[in-house]
Structure formats: structure tokens, C-alpha cells
Amino acid sequence: QVQLVESGGGLVEAGGSLRLSCVASGRTATRYSMGWFRQAPGKEREFVAAITRNDGATYYPEYVKGRFRISRDSAKDTVYLQMNSLNPEDTAVYYCAASAAIVPGRRPFEYAYWGQGTQVTVSS
């Protein structure tokens, strides 16, 4: 069983930055690939970023590429999402998720464990 706890969300003005953290219980550093997703009201949960469990390769969709960066500190069992140049369309609840796959997927059903989410609100 893996438990994930996100933090770092909040209210920020357009153009600003936030860094989200996700602390994982247990020894997840080499056992799970990690991903970030987000869900805005009335919309489906969408992929934001992922990092592999072995070589730290990262994956991003086009709508955040160049603005968001995922990283992990294996010693702390923590995954980060650095978000820059935020705009109001980035407003959503952001979720951390863990996948046993070597190459993490981009669809929610590919992740077995989820955190409770942290709210990010970007004002215009």
C-alpha cells in the first residue's frame, strides 16, 4: 500500500509560480513511477507530468511543456512539480499518483495510488 500526500497549492496571480510536493509513504523511490494530474470543475482529470522509477526520464503534455517541471528526491520519497508562468487555465485540483509501470502512462487508470489533491487557483 502506498499513501501519497500533496501540499503546496494556493492562490497565485497569473504569471506566478508554485511548487507542489508529494510525499510518499513506504519505499517508493525505485518501485513506482510518479505522475501529476489535475482536474478542473466540470472537466476530466488530465495528465500534467510524469517521471520514471528507474532513470528519471520525464514526460509532459504540450500544454505545460516548458512551464512545468517534475522532479523527485528519492532519499525523501518526495516528488515535486515546479509550475512557472501560470495562467488561469491552470486552475484545478492537482493530484499526485503512483504507477508500477517502468514507463508511466498519461491516463488516470494507469495509476494505482492517488493523493487527496491540492487546490491551485490562478487569478487573472
Side-chain angles (χ1 to χ4, degrees):
Q1 188 73 13
V2 177
Q3 292 187 331
L4 306 172
V5 179
E6 303 98 331
S7 62
L11 174 63
V12 64
E13 292 184 350
S17 299
L18 280 175
R19 189 178 80 156
L20 306 182
S21 299
C22 172
V23 179
S25 66
R27 300 170 64 182
T28 62
T30 57
R31 295 175 61 186
Y32 294 94
S33 296
M34 303 296 293
W36 286 95
F37 288 76
R38 68 186 183 188
Q39 188 166 20
K43 295 187 177 181
E44 294 186 351
R45 193 166 296 190
E46 64 178 7
F47 173 70
V48 173
I51 187 165
T52 61
R53 66 182 189 185
N54 52 353
D55 62 1
T58 57
Y59 303 87
Y60 305 94
E62 284 301 318
Y63 42 84
V64 305
K65 192 174 291 185
R67 299 190 299 124
F68 291 10
R69 188 173 75 89
I70 187 171
S71 61
R72 69 191 307 167
D73 184 335
S74 298
K76 297 181 179 179
D77 267 333
T78 301
V79 177
Y80 303 99
L81 183 67
Q82 178 66 44
M83 304 185 296
N84 301 321
S85 301
L86 286 163
N87 58 63
E89 291 69 39
D90 296 316
T91 295
V93 177
Y94 283 70
Y95 297 90
C96 174
S99 167
I102 295 175
V103 178
R106 297 180 180 229
R107 295 166 293 184
F109 74 84
E110 297 179 88
Y111 292 76
Y113 302 101
W114 291 84
Q116 83 290 348
T118 185
Q119 176 71 46
V120 171
T121 303
V122 184
S123 63
S124 57

Inset, instruction - Using a 4.5 Å cut-off on heavy atoms from C-beta on, say whether the side chain of Gln82 contacts that of Ser17. - result: yes
Legend entry - Straight-line distance of Ile51 CD1 to Tyr60 OH, nearest 0.5 Å: 7.0 Å
Legend entry - Distance, nearest 0.5 Å, that separates OG1 of Thr91 from CD of Gln119: 7.5 Å
Legend entry - Residue pair Glu46 / Arg38, side-chain heavy-atom distance below 4.5 Å: yes
Inset, instruction - Determine whether Asp90 and Val120 make a side-chain contact, defined as any pair of heavy atoms from C-beta on separated by less than 4.5 Å. - result: no
Inset, instruction - Would you indicate whether the side-chain heavy atoms of Trp114 and Cys96 approach each other to under 4.5 Å? - result: no
Inset, instruction - May I ask you to test the Leu86-Glu13 pair for a side-chain heavy-atom distance under 4.5 Å? - result: no
Legend entry - Polar side-chain atom of Gln39 near backbone of Ala92 as donor-acceptor pair, under 3.5 Å: no
Inset, instruction - Using a 4.5 Å cut-off on heavy atoms from C-beta on, say whether the side chain of Pro104 contacts that of Thr52. - result: yes
Inset, instruction - Drop me the distance from Ser33's OG to Arg72's CZ, to the nearest 0.5 angstrom. - result: 6.5 Å
Legend entry - Flag side-chain contact, heavy atom, 4.5 Å: Met83 against Val48: no
Legend entry - Close side-chain approach of Arg31 and Val2, heavy atoms under 4.5 Å: no
Inset, instruction - Give a yes or no on whether Val5 and Leu81 share a hydrophobic cluster (residues Ile, Leu, Val, Met, Phe, Trp, Tyr; joining criterion: side-chain heavy atoms under 4.5 Å apart). - result: no
Inset, instruction - Validate the cation-pi geometry between Arg19 and Tyr80: distance from NZ or CZ to the six-membered ring centre under 6.0 Å, angle to the ring axis within 45°. - result: yes
Legend entry - Between CG on residue Leu20 and OG1 on residue Thr78, distance to nearest 0.5 Å: 12.5 Å
Inset, instruction - Among Tyr95, Tyr94, Phe47, Phe109, find the residue that satisfies the ring-ring contact (aromatic ring centres under 6.0 Å, His included) test when tested with Phe37. - result: Phe47
Legend entry - Arg53 side chain to Ala100 backbone, donor-acceptor under 3.5 Å: yes
